[in-house]
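Worksheet: the structure to be examined is printed underneath.
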Amino acid sequence: MNNPYEFNPKGSFIDDQLAVSGVENNILGFVADVFTGGAYSRNKYNAKVADENNRAQDAAYKFEGEELERVYEHEKEGLQILKKNTETNLKFQEDERQQTWNYGMGIRDYEFNEELRAYEQSKTQFTQQTGFNEIAEGFSTLQQDRYLMEQQISLALDKKRNYLDYVTTVHGLSLQKRKTKQAAAAQQREINIAEMKARGTASARGQVGRSMVKNLQAISAEYDAKERNIIDALMVDTAKIDLDVVSRQQQLNMEEFAFNMTSNNLLASDQFSRKQLQMQRLQADIEAEASLMLKPGQVPPLPVPIVLPRPEYQELYEPRQGPKGARSIAAREGLGAAFVQTAFSYAAPFIKP
């Protein structure tokens, strides 16, 4: 609002006096309008319009400044929220990546421990299997030792029995030969006695001469023939016995050879059986070793998650409010000039040319 004491080049003395005196009312305004031709009311209206425009401009300027500050504060708060949310999201992603890394490392350790446990189990089974193979081989070897001993004892008994049978047979043949000789000797004595009896009987008959000699010769020839038969039979019988002894000796030699061959075969079979046991043990150990798992190796660790890059934010542009617009100055008419012009307009009809 205009200061009434401020110099106004477009003002008038009447306006100044009315403003200072405070006698502005409807009557005075009407009177002023009458004398000024309505210039007073127009000036008052223009002043009011200019004052309203200035107040509206001040309010708009103040509102614009407040809005600029409020928008700036809003954008600054939004930037802080964006920074906080971005940091929260990045932290969440980093935590999620760390959690994924921890889980992956846990799975890695779990799988390695499971593979290691399976390896230790297979290693235990391998040790138990090889131990069992060793026990089985020892038991089989013991069985083979017993079998070999039984076969050797049986073979030795058969050999001993065969030798006893040989001895018995040879002794029997010797006894038979002796008995045959004794029987032949007994027959020889009987023949000699019978011959002596026959010679005595012939002599007792009293025969002399050639008849006696012929008779004695006949007796000698008869008994000589019997004696030769006994000797021939003895030779045949003793030769047969000797042949049986030789045959039994040859049989003994053949049986001894058969026993030796059987013993050699038994030893060879024993060595073959032992080789088979060793091969079976080796095969069982190879199969046990083939079932042994390889010692697992742990895979390389997962790459450690890196810190995510933080974005760079540009600081907000802080706006500045421009200067206020030009003040509105109300258009004013000079009341004195208006009074004079009005007076002339009123007096014009009365002035004669």
What I'd like to find out is whether the side chain of [X] reaches to under 4.5 Å of the side chain of [Y], using heavy atoms alone.
{"X": "Q143", "Y": "L277", "value": "no"}
{"X": "T130", "Y": "F126", "value": "yes"}
{"X": "L90", "Y": "P311", "value": "yes"}

Under 3.5 Å side-chain donor-acceptor pair for [X] and [Y]:
{"X": "E94", "Y": "Q98", "result": "no"}
{"X": "Q276", "Y": "Q280", "result": "no"}
{"X": "N133", "Y": "Q129", "result": "yes"}

Counting only heavy atoms not in [X] (residues, nucleotides, ligands), do more than 12 fall under 6.0 Å from its [atom1]?
{"X": "Y313", "atom1": "OH", "result": "yes"}
{"X": "I306", "atom1": "CD1", "result": "no"}
{"X": "R320", "atom1": "CZ", "result": "no"}
{"X": "K91", "atom1": "NZ", "result": "no"}
{"X": "Q278", "atom1": "CD", "result": "yes"}
{"X": "E134", "atom1": "CD", "result": "no"}
{"X": "Q80", "atom1": "CD", "result": "yes"}
{"X": "F112", "atom1": "CZ", "result": "yes"}

May I ask you to decide whether [X] forms a salt bridge with [Y], counting only side-chain N to carboxylate O separations under 4.0 Å?
{"X": "R161", "Y": "D158", "answer": "yes"}
{"X": "R281", "Y": "D285", "answer": "yes"}
{"X": "E256", "Y": "K159", "answer": "yes"}

Side-chain donor or acceptor of [X] paired with backbone N/O of [Y] under 3.5 Å:
{"X": "N53", "Y": "V49", "answer": "yes"}
{"X": "S269", "Y": "N265", "answer": "no"}
{"X": "D270", "Y": "L266", "answer": "no"}
{"X": "S247", "Y": "L243", "answer": "no"}
{"X": "T168", "Y": "L164", "answer": "yes"}
{"X": "S154", "Y": "E150", "answer": "no"}

How long is the gap from [atom1] on [X] to [atom2] on [Y], to the nearest 0.5 Å?
{"X": "E73", "Y": "R70", "atom1": "CD", "atom2": "CZ", "answer": "11.0 Å"}
{"X": "Y72", "Y": "L79", "atom1": "OH", "atom2": "CG", "answer": "9.5 Å"}
{"X": "L316", "Y": "E77", "atom1": "CG", "atom2": "CD", "answer": "11.5 Å"}
{"X": "D95", "Y": "N102", "atom1": "CG", "atom2": "CG", "answer": "10.0 Å"}
{"X": "E64", "Y": "Q57", "atom1": "CD", "atom2": "CD", "answer": "10.5 Å"}
{"X": "L308", "Y": "T86", "atom1": "CG", "atom2": "OG1", "answer": "12.0 Å"}

Cluster link [X] to [Y], ILVMFWY, side chain under 4.5 Å:
{"X": "V170", "Y": "Y163", "answer": "yes"}
{"X": "M149", "Y": "L157", "answer": "yes"}
{"X": "I153", "Y": "L155", "answer": "no"}
{"X": "M105", "Y": "V304", "answer": "yes"}

**Item:** Exercise: identify the closest heavy-atom pair between S291 and S122
**Value:** O-CB, 4.2 Å
**Complete:** When every non-hydrogen atom of W101 is compared with those of P303, the smallest separation belongs to CD1-O, 3.0 Å
**Test log, rule side-chain contact (heavy atoms from CB on, under 4.5 Å), inputs T169 and V245** = CA-CA 8 Å; T169 301; V245 171; over 6 Å; no
**Request:** Give the C-alpha distance, both sets of side-chain angles, the deciding distance and a yes or no for side-chain contact (heavy atoms from CB on, under 4.5 Å) between R248 and D165.
**Result:** CA-CA 10 Å; R248 190 65 185 87; D165 181 68; 2.8 Å; yes
